[in-house]
Amino acid sequence: MEAVAEGLWGLADYAEKKGEIGKAVKCLEAICQSHASFLPIVEVKTRLRISTLLLKHSHNVNQAKSHLERSQLLLKQIPSCFDLKFRTFSMLSQCYHLVGAIPPQKQTLLKALDLTASLPPEVSVRLWACNFNSQLANALIIEGDYHSAFSALESGFDSASQLCYPELQMFFATSVLHVHLMQWYDDNSVQSALRRCDDLWESLGPDRREQCLGLLFYNELLHIFYQLRVCDYKNANQHVDKLDAAMKADSQKMREAQRLTNELNALNQSLSRPDLPNRERSLLSSKQAQIQDRISSMNNTNWSAEQPLEPAYFGNTKRPWQEKLVLAPPPIDGEWLPKSAVYALVDLMVVIFGRPRGLFKECAKRIQSGMRAIQVELVKLGITDGVREVDLQHSAIWMAGVYLMLLMQFLENKVAVELTRSEFVEAQEACESIIEMLRGQYAHSVGCYSEAAFHYIEAAKLTGSKSMQTMCQVYAAVSYICIGDAESSSQALDLIGPIYRMKDSFVGVREQASVLFAYGLLLMRQDEYEEARARLAKGLQIAHNSMGNLQLIAQYLTILGHLALALHDTVQAREILRSSLTLAKKLYDIPTQIWVLSVLTGLYKGLGEIGNEMENEEYRKKKLDDLQTKLADAHSSIHHIELIDKVRIEVQQFHELDIKRAMESQSMGVNLDIPESVGLSTPMPASSSSRLLDLDNLDSRRRGKRKI
C-alpha cells in the first residue's frame, strides 16, 4: 500500500505544479478515504499535506483544521515522529488563530511546549519551542494577558540565547519591546527593553543586518513609536530617514527582480521552440543561467526555505516569500504586518514628521501613495462597497481593520496639511463634496430621484478627483433613468455618454463596472435589449471577478433577468432572477427584493403558473409594506426636507479679516517644532457662547419628527 500512497503523492505534486489544486487535494483525499488500511504515519503525512494546500490556496480553514485534529489523534499512537507532531501543533494553532478560537489555540500550544520540555534540548526542539512561545504570546496579547505574554516571549528569548542565534534573539527582544509599548507599565522597563534591542542589533554587524529587512523595519518603527511617546522628535527623524531609504532601496530591488523575471519568462518561451537553431539555443541557455543566478542572489536570505511553515505571527500564507517582511527564521517565518502595510506606515511617518517642517509637496505625494496602496489591499481582502462583515473571513476582518486605521490616519493628515497651509477652501470643498454625495445617496434611497440627481451633480462639481467625479455622474445618470420620462433619459445619456466612451481609460474597476451598469440600464429603457445585454454581461463579469460587491451583482442579475424575460428566454430568466433574489435576501436589500419579485410575478403570469404568481405577489406586497413603513418614518423626520432640498450646503467661508485674527490668536500658542501643531486650543471668544445649543434642546431636536 505504500507504493499506492507514493503514487498518489506524486500525482498530487504534479497537479499542484500545474496549478490544479482541486485535483491535488482529491489525490490526497483518496488515501484518507480509502477502505484499505494505510500506516498511520502515511495518513498523517497526507493530512498535513492537504491542510497545507487548503491554507495556502483556499479559505477552507475549518476543513484544514479537521484534517489536523485527525492527525493529532493518529500521532498519539506513535511514540516518536516528533517533527510531524510539532508541525501538526503549529499548523493547528494557526487554524485556531485564523478562526478566532483563542482558548483551544492556547491549549494546543501549551501541549506542544510540554512536549518540547520532555525531549533532549536539540537544535530543532529549541527552534520549535521558539515557534510555540511566539504563537502563545500572540494569543495571550489578543486576550489582554500582557504579563503572561512577557513570560512566553522571555522563554523564547532564552531558547534563542541557548542556540546562540542573535537574529532569533532580536526577534524576541523586539517583540518584548512591542508589548511594553502597548502596555507601558513603567519607564525603566521600556528603556531596558529598548537598550537590549539596540545592543543585539549592533552585535549583528552590517552584513547580517542587511539580510534581516523585516527586523530592520520592525525595530526602527518601534523606536519611532517610543520617541513619539516621549516627544523626542529630533531623534525620531533619523529613524524615519533610515526607514525611508530602506523602503526605496527594497522597492527598486523588487522592480529589478520583476524585470528579470519577465525577461526570464520570455527566454523560457523562446527556448521551448522545437525549431530553434542549436547555436541560438546555446546562447539563450547561457543567458538564462545568468539571469537565474541574478534572481537567486537577489532573493537570497539567511532564512530562505523551500517550504516555510505557517507563520507564527499574523501573516498571509498565500503571499509569496518575496512580498513578505519576514521577522524570524524557520520554523517561525512570521510577519508583523504585510509589506504593503509597513510601507504605508513608513509613508505615514514621513507625513507626520514632514508636515511641521512645511514639506507639504512631499507630504501630499506620500498621502496619495499610501492611500492608493491601502485601497488596493482592501480590494484584495474583499473589502468593497456594500460588503458586510458577516461575509468576510475572520483573518480578512483583522487585516482590514489595520488598513482602515491607516487610511483614517492618512485622511486626518491630509486635512491637517490643507489647514496648516491655510487652504481652508480645499478642506471645505473635500467635505462639501462628500456631504453632497451622501445627500444624493439618501435621496435616491427614499425615492426622491430628481433631488438625488441634483446632489450628485453638485458633488461632482465640488471635487477635483476624476474618480469621484465619474462615480457621482454615474449615480446622477441612474437617478435620472429612475425618473423614467423622456427628458430625464436624455439628461442621463448626456451624463453617461462621454464617460462610457472613455471607460477603457479608467484605472479602477469600480468606475468601469458602474458605467457599464448605468449604460446597460439606459439601453434597456430604450428597448435596445441585445446591446444592453452585452454591456451588462461584461459589467457583471467585472463586478463578480474583481469587486465582490454583492449588491451591485444582485442589481446586475435583476436587469439581466428582466432582459431575458423580454427576449422570451424564460428558462434563463427564472434562473437569473432566483440567484438575484437569493443575494438580495442575504444583503437585506428590500428595494432590490421588491424589484426582483415584480419581474418574477410577470414571469409566472406569462407562464401561467398561477400558484407561484399568487405566492410571489403576496410576498412582494409584504416587502412593499415594510418598505413603505420605513419610507414614512424617513419622510416624517425633521431632517428629511433639509437633506433632499435642492440647495447646496454652504460651508461658512473665511474672510480675510477672520483669517488674520485667527493667525494672530494662534501665533501666541503654537509651537511649530512638534508634529501636532495644528488645532491647539486657544481661548474662545465670549460672543461664541451664544451659538452653543443647550444639550437637552439638541437631543430633542435629534429625536423630533414633523409630518410633511
Side-chain angles (χ1 to χ4, degrees), residues 1-99 101 104-105 107-109 111-112 114-116 119 124-125 127-128 131-132 135 305-312 315-321 330-334 393 395:
M1 296 303 295
E2 287 186 22
V4 175
E6 288 180 3
L8 288 168
W9 286 344
L11 285 173
D13 285 339
Y14 179 71
E16 185 184 4
K17 287 175 182 175
K18 290 178 64 179
E20 297 174 341
I21 306 303
K23 288 183 180 179
V25 171
K26 285 182 180 178
C27 289
L28 297 168
E29 284 179 339
I31 297 173
C32 303
Q33 297 167 0
S34 172
H35 296 296
S37 71
F38 288 92
L39 291 173
I41 194 169
V42 171
E43 187 174 342
V44 168
K45 288 180 178 179
T46 303
R47 290 185 183 276
L48 280 172
R49 181 70 187 285
I50 293 171
S51 301
T52 302
L53 287 172
L54 292 173
L55 288 171
K56 190 173 183 180
H57 299 287
S58 77
H59 295 298
N60 295 330
V61 179
N62 286 319
Q63 193 176 345
K65 180 167 68 71
S66 298
H67 281 290
L68 292 166
E69 288 168 343
R70 174 63 181 162
S71 296
Q72 206 170 38
L73 289 173
L74 291 168
L75 284 166
K76 286 181 179 179
Q77 307 168 19
I78 306 173
S80 57
C81 297
F82 298 116
D83 188 65
L84 286 177
K85 290 180 179 180
F86 291 145
R87 287 194 65 192
T88 303
F89 277 127
S90 182
M91 292 176 69
L92 185 56
S93 167
Q94 183 67 6
C95 286
Y96 286 134
H97 174 79
L98 288 171
V99 298
Q105 183 190 12
Q107 186 180 16
T108 299
L109 292 168
K111 287 180 181 177
D114 287 342
L115 180 59
T116 61
L119 297 173
S124 62
V125 174
L127 282 172
W128 279 113
N131 174 305
F132 301 135
Q135 292 198 63
E306 289 183 5
Q307 290 184 328
L309 301 180
E310 308 312 312
N316 185 347
T317 58
K318 301 174 183 64
R319 195 177 299 113
W321 177 270
I332 296 179
D333 300 327
Q393 299 292 320
S395 56

Please list, one pair per line, the donor and acceptor atoms closer than 3.5 Å that link side chains of residues 65-72 to other protein atoms, with sequence neighbours excluded.
from: Ser66; atom 1: OG; to: Asn62; atom 2: O; distance (Å): 3.1
from: His67; atom 1: ND1; to: Arg47; atom 2: NH1; distance (Å): 3.0
from: Glu69; atom 1: OE2; to: Tyr96; atom 2: OH; distance (Å): 2.8
from: Ser71; atom 1: OG; to: His67; atom 2: O; distance (Å): 3.0

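Although no hydrogens or angles enter the test, the distance criterion places a donor-acceptor pair under 3.5 Å between the side chain of Lys85 and the main chain of Ile78.
Rounding to the nearest 0.5 angstrom, the gap separating the CG atom in Leu28 from the CD atom in Gln33 is 11.0 Å. Atom CG of Leu39 sits about 10.0 Å away from atom NZ of Lys45, to the nearest 0.5 Å. Atom OG1 in Thr88 sits 11.0 Å away from atom CG in Leu73 (nearest 0.5 Å). With rounding to the nearest 0.5 angstrom, the CG atom of Leu75 is 11.5 Å from the CZ atom of Arg87. Atom CD of Glu29 sits about 10.0 Å away from atom CG of Leu53, to the nearest 0.5 Å. With rounding to the nearest 0.5 Å, the separation of CD in Gln94 from OG in Ser51 is 12.5 Å.
Taking 4.0 Å as the cut-off between side-chain N and carboxylate O, Glu16 and Arg49 count as a salt-bridged pair.
Gln107 meets the side-chain hydrogen bond (donor to acceptor under 3.5 Å, both in side chains) test with no other residue; sequence neighbours excluded. Looking at residues two or more places apart in sequence or on another chain, you find a salt bridge (charged side-chain N to carboxylate O under 4.0 Å, His left out) between Lys23 and Glu20.
For Met91 against Leu55, the heavy-atom pair with the smallest separation is CE-CD1, 4.2 Å. Listed here is the closest heavy atom pair of Leu115 and Leu119: O-CG, 3.3 Å. Counting all heavy atoms, side chain and backbone alike, Cys95 lies closest to Val61 at O-CG1, 3.8 Å.
Put simply, the side chain of Ile50 reaches to within 4.5 Å of the side chain of Cys32, judged on heavy atoms. Looking at heavy atoms from C-beta onward, Leu8 lies out of side-chain contact with Thr46 at the 4.5 angstrom threshold. Side-chain contact between Phe86 and Leu127: absent, with no pair of heavy atoms (C-beta onward) separated by less than 4.5 Å. Proximity of Phe82 to Thr116: side-chain heavy atoms (C-beta onward) are nowhere separated by under 4.5 Å.
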Quiz prompt | From CA spacing to verdict: side-chain contact (heavy atoms from CB on, under 4.5 Å), Ser124, Asp83 | solution = CA-CA 8 Å; Ser124 62; Asp83 188 65; 5.9 Å; no
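Relative ring orientation between Phe89 and Phe132 is described as perpendicular, the plane-to-plane angle rising above 60° on a 0-90° scale split at 30° and 60°.
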